[in-house]
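Have a look at the structure below, then the notes.
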Amino acid sequence: MPRVGWLCSYTPVEVITAVGLTPVRLLGSADKEAAARGFLPVALCPYLKSALGTALMGEEPLDGIVVAACCDGLRRLADVWARYVPGFVYTLDVPRRRDEAAIAYFRGRLVALAQRLGERYGVPVSEEALGSAIAAYNQTRRLLAVLDDLRARGIGLPAGEMQGVWERASREALATFQPGLEELLARLQGAGDRPSAVPVVVSGNVLAPDDKRALSLIEELGGRVVGDDLCSGTRWLAGEVDLGPDPYLALARRYLERVPCARMLDAAERYEELVRLCRRTGARGVIYLSQKFCDTFLYDFGPLRERLQGEGIRTLLLELDGTTATLGQSRTRVEAFLEVL
Amino acid sequence: MAQHDGRLVAGIDVGSVSGEAVLVANGRVVAHGTVPTGSSSRLAGERALALALAQAGVGAADLGYVVATGYGRAAVAGARRTVTEITCHARGAWHLIPDAATVIDIGGQDSKVIRLGQRGTAADFVMNDRCAAGTGRFLEVMARALEVPLERLGELSQRASRAAPISAMCTVFAESEVVSLVAEGVPVEEIVAGLHGAIAERIFGMVQRLGLATPVVMTGGVAHNAGVVRAIARRLGCEVAVPPGPHLVGALGAALIAADMAAASGERG
Amino acid sequence: MAFLDALRGALLANPRLGLVAPALQVELLRLRLDRSYAWRSQRLLQETAVRLGLRAYRGREPVVFTSIMVPPELLYALGLVPFGVEVAGAVTSMLGLASQCLAAAERAWAPADSCSVLRAALGGAELGLLPRPLAAVCTSCPCDSTAKVYAHVARQAGPAPLLLLDVPYEQSPDAVAYLAEQLAAATATLAELAGRKLEPARLAEAVRLSNEARRHVLAVMAQRRARPGLLASSDALGFVYPWSLFLGSPAGVAVFRSYAEELAEAPARPAPEGPRLMWLHFMPFYAHELVAALEGAGAAVVCEEMTQLYWDEADPAQPFVGLARRCISHFLNVPTEERIERLLAVARDYQVDGAVHFSHHGCRQSQGALRVMRDGLAAAGVPLMEVEGDLIDPRGRGEGQHRTRLEAFVETLA
């Protein structure tokens with residue numbers, strides 16, 4: 001099945017699946033970032049640079065990519081990719097508002113996306129096909145919600161492995177991924193509680209595979225990640241699509257109405273969600289992991305910190321750029337943070 | 001040879017520039033030692049401890065818990081536990097100045113502002129370890145550019161009637177700015193005052209992000225520089241207290257934590 | 001300059017900025033007698049800007065913070081005073097307050113790698129230098145930082161509500177309708193906040209005035225095309241200010257009519273002999289040095305990306321649609337290939353030999369795809385040179401290196 005790449009959690013993977021394609025999230029790795037030098041500026045999201053680098057090195061065979069135009073970085077990546085990487089680039093406009101007008105507008109964008117992909121592959125997208133794709137992803141969402149719940153209760157995977165699960169969910173065909181996940185859940189349900197450590201929640205944007213090291217670091221230094229608010233994690237698949245007579249509308253609604261990314265108008269709702277998450281899991285600290293140069297997420301840190309402080313929850317900011325250098329500097333910060341907690 | 005009734009503990013702080021060891025018994029400092037770190041954190045820790053032990057007139061066998069802190073803490077052999085400098089400076093500063101609310105530690109490679117919580121714990125902190133401006137290293141580089149010994153910087157700035165404004169926040173650019181100022185004939189003391197002002201500005205930024213709570217205490221090697229302390233006090237608009245032996249505060253804090261551990265476990269030395 | 005010193009003093013004196021309006025009033029009087037401007041239209045533009053600032057700081061009329069792509073016609077229709085936050089950020093540089101404002105922003109956790117113009121404005125709000133607004137209106141474009149900074153500034157200088165206009169990244173009819181609806185809703189909300197009734201006739205009039213100003217802009221552009229180098233780029237880039245804050249008012253018409261007349265009257269001048277350059281994005285506070293380097297090497301900067309008219313007239317009977325269309329078609333809201341097409345059209349009009357792009361630190365939307373710009377323009381015969389720097393931050397500008405590179409670039413074009 002042809003593979004179509006995507007990056008941002010606002011990309012409707014259900015639509016891509018309904019056309020008979022495999023949506024594959026671009027992960028990037030720090031060692032591929034150098035290949036993007038000269039194509040993207042230095043001061044740009046490391047995740048995007050490494051995704052481009054991987055493609056330029058020919059190590060990510062794709063028919064094309066769908067870019068949700070959610071931030072400046074993504075818009076410019078789409079421009080650069082279109083010129084220098086073989087395959088198509090479809091730019092999907094995503095509104096920042098969540099009212100009915102925005103949902104209606106986004107619905108129109110999803111219909112257009114389905115039509116364009118359908119034309120390209122000679123596969124007219126039926127509402128049934130979209131309905132089944134939605135149902136399949138809903139199933140994955142349900143399973144991941146169970147995993148999340150186990151984690152909140154202290155049973156569950158180490159944070160790095162959890163991310164590994166999300167990575168697989170975002171790249172494998174559901175038919176191959178789901179059975180594995182079900183099996184994992186069955187195994188975990190039987191396991192006992194993990195030894196106590198300082199419970200923390202991580203919040204932020206995208207974690208590239210190399211950034212797993214930051215998560216492992218937190219747990220190595222005595223923390224335990226009991227919940228997350230990450231674009232590449234729980235926020236991506238949280239919330240099922242409420243399938244109704246109009247699957248495009250249902251999709252548009254779910255994507256816009258779920259817990260918002262910092263780029264959305266109602267970004268402050270995310271802080272409330274974090275407060276709820278901390279209360280639910282008993283976490284007293286939030287570690288904010290942001291890709292370097294992400295203005296959207298970094299501007300939010302100040303207000304988020306203030307809001308959480310009001311609830312007695314401490315915050316720590318770590319900027320990621322995939323290198324071990326920043327990790328070394330992070331070590332003391334994380335350790336001190338856990339000591340403070 | 002001093003007499004202790006058991007429970008002799010040690011804190012070892014290995015930084016990028018120097019390593020310190022402090023011995024504590026019954027909540028009092030018994031001895032201390034300082035060595036340049038050089039190329040081996042492990043050796044620096046060993047040597048500092050050896051100096052302190054010698055000063056106390058005891059041997060390693062008399063030692064109970066040892067806690068290591070600082071940049072090179074993982075390399076210190078024989079440490080029962082490692083704790084970050086943040087927690088140690090908080091603890092040490094609180095021990096010396098019990099009503100301290102904020103601790104500013106400017107070390108060789110980084111600087112931190114720590115808000116104290118109950119009983120000398122660190123409640124919150126902000127750290128700068130990315131940019132050398134505002135650290136001991138910054139002053140080292142500038143002292144060299146000005147051809148002035150590091151220890152004289154404080155006294156020099158005292159003589160300045162004004163501070164030459166240094167706008168660069170980056171060490172590299174600041175250095176070239178200093179060179180131009182020298183070429184323009186600006187008196188050295190004014191340049192030094194300007195550099196101290198630049199550090200104070202950086203620290204002020206960190207304090208603001210955390211929220212200022214007085215009294216403010218400054219620790220770390222750079223606290224020996226009265227010019228920096230004055231500049232920070234001026235910028236913050238409040239007094240900044242410097243305990244005796246500010247460069248030892250990290251090791252002291254580590255030692256006190258070791259003492260806590262000893263007391264908790266009921267062990268003697 | 002005495003005025004700048006007085007204004008800086010007045011701002012720093014605070015409390016609640018009582019001295020600012022008098023300082024601006026004095027400047028307004030002084031400007032009337034000022035004969036030092038190269039163009040009288042420039043003086044008129046400055047007067048208009050100062051008058052708007054005076055109204056904003058005098059505190060007698062409701063002030064609305066507005067970002068550069070928000071159509072000011074909506075505000076004029078309601079009798080509200082627009083205040084540009086990005087403009088304020090840029091002005092901190094002229095007042096020698098940039099470092100202070102940037103430091104204040106840093107203390108408030110603003111990310112150090114983001115655009116210094118917006119950060120300076122944020123810092124200005126933190127220091128209490130901005131007038132108190134009724135509301136803030138901003139667009140989601142041109143960049144991610146805009147909405148974040150406006151949210152912060154609205155809270156700090158207010159607290160006042162923030163109205164976000166979500167500008168689609170497409171030029172389709174659906175997109176225009178989506179934005180038009182938002183413009184209508186925002187106008188209604190502003191009316192409510194101000195306790196005023198929106199009169200369609202006033203809005204129609206604002207649109208008519210805006211269309212009239214536009215016709216004069218076309219005349220100005222025609223003059224500049226016919227006589228390249230007639231109006232210096234650094235002066236022309238000043239147009240961005242009235243476009244974002246004067247359109248829809250009689251003053252907006254007056255400024256551009258004055259320019260059109262004055263340029264038409266200007267005596268003949270020889271066409272530039274050396275290479276002709278197009279300037280992309282904005283110019284930094286030390287632009288004169290860069291331009292001097294280029295001119296010293298024999299080149300002339302004859303046109304700019306940011307001063308090209310990019311919108312059609314709006315229908316006064318359907319104001320929101322026309323204004324939405326203008327907003328969406330802004331040159332900073334299109335994919336890079338489209339941006340290149342527009343630039344090549346300008347290059348043809350002005351017979352441009354090369355282009356210079358000022359890459360402002362932290363401005364990712366404008367320089368993210370510079371590689372595409374370079375290749376696309378070069379393939380069409382317009383080599384591109386990139387100059388990296390900061391629009392307002394006085395720290396670390398490495399000018400010596402700029403000079404050499406710019407001179408070398410011009411040499412390659414000759």
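Residue numbers start from 1 in every chain, and the chains themselves are labelled A, B, ... in the order their sequence lines are given, proteins ahead of strands. Only a predicted model underlies this, so the values are computations on that prediction, with no experimental measurement involved.
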Contact origin within [X] toward chain C - heavy atom pairs under 4.5 Å:
| X | answer |
| --- | --- |
| A/Arg97 | both |
| A/Tyr105 | side chain |
| A/Ala43 | both |
| A/Ala262 | both |
| A/Phe293 | both |
| A/Ala82 | neither |

> Of all of A/Gly73, A/Ala78, A/Ala69, A/Ala102, which one pairs up most often with chain C through heavy atoms under 4.5 Å apart?
Replying inline: A/Ala102
> Taking A/Ala268, A/Ala104, A/Pro95 one by one, which has the highest count of heavy-atom pairs under 4.5 Å against chain C?
Replying inline: A/Pro95
>> Pair A/Arg109, C/Asp174 - check side-chain contact (heavy atoms from CB on, under 4.5 Å), show working.
In response: CA-CA 9 Å; A/Arg109 301 314 99 217; C/Asp174 275 357; 2.8 Å; yes
>> So for C/Glu181, is it side chain, backbone, both, or neither that comes closer than 4.5 Å to the heavy atoms of chain A?
In response: side chain
> Considering only heavy atoms, which portion of C/Ser359 lies under 4.5 Å from any heavy atom of chain A: side chain, backbone, both, or neither?
Replying inline: neither
For the student: nearest non-hydrogen atoms of [X] and [Y], plus distance:
| X | Y | answer |
| --- | --- | --- |
| A/Arg96 | C/Asp166 | N-OD2, 2.7 Å |
| A/Arg76 | C/Thr336 | NE-OG1, 3.5 Å |
| C/Pro335 | A/Asp79 | CB-OD1, 3.6 Å |
| A/Asp295 | C/Ser114 | OD1-CB, 3.3 Å |

> Can you pull out the residues in residues 153-164 of chain C with any heavy atom less than 4.5 Å from chain A?
Replying inline: C/Arg155, C/Leu164
> Are there residues of residues 367-374 of chain C that reach to under 4.5 Å of chain A by heavy atoms, and which ones?
Replying inline: C/Gln367, C/Gly368, C/Ala369, C/Arg371, C/Val372
[X], [atom1] atom: more than 12 neighbouring heavy atoms under 6.0 Å:
| X | atom1 | value |
| --- | --- | --- |
| A/Glu257 | CD | yes |
| C/Glu338 | CD | yes |
| C/Glu192 | CD | no |

> Angle class for the C/Trp109/A/Phe301 ring planes (parallel below 30°, perpendicular above 60°, tilted otherwise)?
Replying inline: perpendicular
>> Between C/Asp113, C/Val167, C/Leu122, C/Val149, who has the most heavy-atom pairs with chain A when the cutoff is under 4.5 Å?
In response: C/Asp113
> When only pairs under 4.5 Å are counted, which of C/Ala110, C/Ala175, C/Ala151 shares the most heavy-atom pairs with chain A?
Replying inline: C/Ala175
> Does a side-chain N-to-carboxylate-O contact under 4.0 Å join A/Arg263 and C/Asp144?
Replying inline: no
Between [atom1] of [X] and [atom2] of [Y], what distance do you get to the nearest 0.5 Å?
| X | Y | atom1 | atom2 | result |
| --- | --- | --- | --- | --- |
| A/Leu77 | C/Arg364 | CG | CZ | 14.5 Å |
| C/Leu165 | A/Leu265 | CG | CG | 10.0 Å |
| A/Asp300 | C/Lys148 | CG | NZ | 3.5 Å |
| A/Asp72 | C/Ser366 | CG | OG | 9.0 Å |

> Is the closest side-chain donor-acceptor distance between A/Thr91 and C/Tyr169 under 3.5 Å?
Replying inline: no
>> Looking only at the side chains, is there a donor atom on one of A/Tyr84 and C/Asp375 sitting less than 3.5 Å from an acceptor on the other?
In response: yes
